[in-house]
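Each ligand, and each atom within it, is numbered from 1 in the order the structure gives.
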Amino acid sequence: MRSVPLFGGCSDKELAFIATRVDEVDVATGTTLCKKGESGGDFFIILSGTAEVDLSPGKRRLGPGEFFGEIALVDNGPRTATVRSTSPMRMLVLGHAQFRDVLHQNGEIAVKILRAVTERLRAVTALPSG
Ligand code: CMP
């Protein structure tokens, strides 16, 4: 877990807490991990392998150290995109309650996730410059 940028600022104690909240999961190539429009689900952190985010139109590729599935868990809304594995993957997975526990425990992680959400939003919308 030390190699995951999301946890880069964590103390040993914080990492030990997070370790009690995550599961390590392996999936095969071609597994659908998030399906656009569905509600609920998990938060995923990629340890190895790659996934493709289908934004229809457009695709984004995610790899080791990156994460996905945060948007539907933050706003309890539907998945914004379909995400599929494009190779065998190993991931850390948190359910809704586990994700909330980790965000409540660690403000730095919450800010990193918020930053990713805003970057992803900017990538798909032309925001007025002011
Ligand atoms: P969520 O909406 O829960 O499920 C689909 C996920 O795809 C979403 O969370 C993000 O993690 C990811 N995603 C959505 N839009 C983008 C984007 N523009 N770039 C990278 N990942 C994205």
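Taking the ring centroids of Phe67 and Phe44, they lie at or beyond the 6.0 Å cut-off.
Side chain of Ser85 to main chain of Ala51: no donor-acceptor pair is present (N/O by atom type, distance under 3.5 Å, no hydrogens or angles).
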Derivation and outcome, side chain to side chain contact (heavy atoms under 4.5 Å, CB included), residues Thr86 and Thr29: CA-CA 5 Å; Thr86 46; Thr29 306; 5.6 Å; no
Quick one: do His96 and Asn76 satisfy side chain to side chain donor-acceptor pair (under 3.5 Å)? Show the steps, please. CA-CA 9 Å; His96 196 265; Asn76 288 317; 3.0 Å; yes
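For ligand 1, the 4.0 Å heavy-atom shell takes in Cys34, Val53, Leu55, Arg60, Phe68, Gly69, Glu70, Ile71, Ala72, Arg79, Thr80, Ala81, Val83, Arg120, Val124, ordered by chain and residue number.
For Arg84, the CZ atom sits in a loose shell: 12 or fewer heavy atoms of surrounding residues, nucleotides or ligands are nearer than 6.0 Å. The environment of CZ in Arg2 is crowded: more than 12 heavy-atom neighbours from other residues, nucleotides or ligands sit within 6.0 Å.
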